[in-house]
Amino acid sequence: PRVLRRACRPQKMISAATDKLYLVGFMGSGKTSVARALGRILNRCAIDLDEEITRLYSRTPGELITMPGEEAFRKIETNVLRQVLEQGAGLISLGGGAWTIPRNRRLLAARNCLIIWLDVPFESCWRRITASGAHRPLAPDHQQAEALYTLRQSDYQLAALRVEATDEMEATEVAQGMEKAIKSFLT
């Protein structure tokens with residue numbers, strides 16, 4: 001994978017001793033698969049925030065966004081993120097919109113988390129979104145999904161590390177590149 005270090009506004013409060021790695025990126029970018037592959041490499045348990053929300057609320061993020069609504073869902077998401085942080089989880093893949101919420105970014109910054117943006121081209125994300133068949137109320141069609149992808153780019157760019165990936169790359173390959181990028185960043 002192509003790994004890019006942020007030239008401007010790098011994340012503050014990152015120390016060489018950090019063991020909290022959080023993956024961000026658009027829906028369908030492969031965050032969950034890459035986090036699990038990275039977990040195998042680093043011998044850590046990877047947690048998916050959306051799966052935690054589903055486990056705790058017995059409803060998927062898509063269902064919660066539909067009813068009671070996105071604002072209520074974002075509060076739920078922040079509360080679950082706070083719980084996961086308090087439990088000391090060290091390898092988490094966030095939902096596509098979690099990092100775009102300023103209060104979530106503040107929570108992560110306060111815990112000295114290393115944020116890694118998994119940057120995947122929109123068309124790759126869209127293919128994965130449609131192939132999954134999952135209910136995505138914020139991306140009901142190509143046009144709305146692409147507009148949301150474009151809108152979120154500026155937030156994703158706030159991550160300390162950016163790792164680019166393509167459809168041709170397996171999750172393990174991306175995770176191996178990510179591991180090297182993390183080590184390089186922290187030394």
Side-chain angles (χ1 to χ4, degrees), residues 1-6 21-42 44-55 57 59-67 69-70 73-74 76-77 80-81 91-101 104-105 114-182:
R2 190 164 153 222
V3 178
L4 306 170
R5 234 183 224 209
R6 296 273 311 130
L21 308 173
Y22 285 67
L23 277 61
V24 301
F26 197 66
M27 61 182 91
S29 62
K31 299 178 299 290
T32 301
S33 299
V34 171
R36 287 183 178 140
L38 185 61
R40 286 189 295 275
I41 291 167
L42 300 175
R44 291 190 192 183
C45 178
I47 295 174
D48 180 271
L49 191 64
D50 285 348
E51 290 176 359
E52 279 296 295
I53 291 167
T54 301
R55 185 181 67 77
Y57 287 84
R59 295 175 65 199
T60 67
E63 292 167 339
L64 290 165
I65 289 169
T66 300
M67 182 66 178
E70 186 177 4
F73 168 72
R74 295 298 173 199
I76 289 168
E77 182 178 56
V80 174
L81 176 60
L91 178 55
I92 307 288
S93 59
L94 299 180
W99 177 247
T100 67
I101 307 301
N104 292 343
R105 292 196 301 266
L114 177 60
I115 307 301
I116 307 157
W117 172 24
L118 182 55
D119 187 11
V120 176
F122 171 73
E123 290 302 330
S124 296
C125 292
W126 180 248
R127 277 191 293 278
R128 295 172 186 172
I129 290 167
T130 57
S132 76
H135 177 56
R136 305 277 187 157
L138 300 179
D141 59 50
H142 188 278
Q143 184 178 355
Q144 289 182 38
E146 189 169 26
L148 185 61
Y149 176 93
T150 301
L151 179 68
R152 289 181 174 176
Q153 294 301 295
S154 60
D155 290 319
Y156 296 146
Q157 290 172 5
L158 299 173
L161 281 176
R162 174 182 173 203
V163 175
E164 291 182 326
T166 64
D167 279 342
E168 294 77 31
M169 302 169 73
E170 295 292 326
T172 302
E173 181 184 358
V174 177
Q176 288 168 340
M178 193 174 281
E179 177 198 26
K180 290 176 187 169
I182 293 164

Write down the atom of [X], the atom of [Y], and the distance for their closest heavy-atom approach.
X      : Y      : result
Pro137 : Ile65  : CG-CG2, 3.6 Å
Ser29  : Gly25  : OG-C, 3.9 Å
Ala46  : Ala35  : CB-O, 3.4 Å
Ala98  : Leu49  : CB-CD2, 4.4 Å
Leu114 : Ile182 : CD2-CG2, 3.9 Å
Tyr156 : Gly96  : OH-O, 2.5 Å

Quick one: does [X]'s side chain get under 4.5 Å of [Y]'s, heavy atoms only?
X      : Y      : result
Ile53  : Phe73  : yes
Pro61  : Thr54  : yes
Ile92  : Leu94  : yes
Met178 : Leu161 : no
Trp99  : Leu158 : yes

Donor-acceptor check, side chain of Gln144 to backbone of Asp141, threshold 3.5 angstrom: yes or no? no

Any donor and acceptor pair, going by atom type alone, linking the side chain of Arg105 with main-chain N or O of Thr100 inside 3.5 Å? yes

If the condition is side-chain hydrogen bond (donor to acceptor under 3.5 Å, both in side chains), which residues does Asp48 pass it with, not counting sequence neighbours? Thr32, Ser93

Please round to the nearest 0.5 Å and tell me the distance separating atom [atom1] of [X] and atom [atom2] of [Y].
X      : Y      : atom1 : atom2 : result
Ile76  : Leu81  : CD1   : CG    : 13.5 Å
Met169 : Ser124 : CE    : OG    : 11.0 Å
Phe26  : Arg128 : CZ    : CZ    : 12.5 Å
Leu138 : Ile129 : CG    : CD1   : 10.0 Å
Ile115 : Tyr22  : CD1   : OH    : 8.0 Å
Trp117 : Glu164 : CH2   : CD    : 7.5 Å

Regarding Thr166 and Glu168, is there a side-chain donor-to-acceptor distance under 3.5 Å anywhere? yes

Looking just at side-chain N and O atoms, do Thr66 and His135 make a donor-acceptor pair shorter than 3.5 Å? yes

Strictly below 4.0 Å, N to O, side chains only: are Arg74 and Glu70 in salt-bridge contact? yes

With a cut-off of 6.0 Å (strictly less than), are more than 12 heavy atoms of other residues, nucleotides or ligands near CD of Glu170? no

Given the rule in the side chain to side chain contact (heavy atoms under 4.5 Å, CB included) test, do Leu42 and Leu21 qualify, once you have shown the distances and angles that lead to the verdict? CA-CA 11 Å; Leu42 300 175; Leu21 308 173; 3.7 Å; yes

Kindly say whether the aromatic ring centers of His142 and Tyr149 come within a distance under 6.0 Å. no

Residues passing the salt bridge (charged side-chain N to carboxylate O under 4.0 Å, His left out) test with Arg136, sequence neighbours excluded, are none

Checking Met27 against Leu148 for the side chain to side chain contact (heavy atoms under 4.5 Å, CB included) test, could you report, in this order, the C-alpha distance in whole Å, the side-chain angles of both residues, the deciding distance, and whether it holds? CA-CA 10 Å; Met27 61 182 91; Leu148 185 61; 3.8 Å; yes

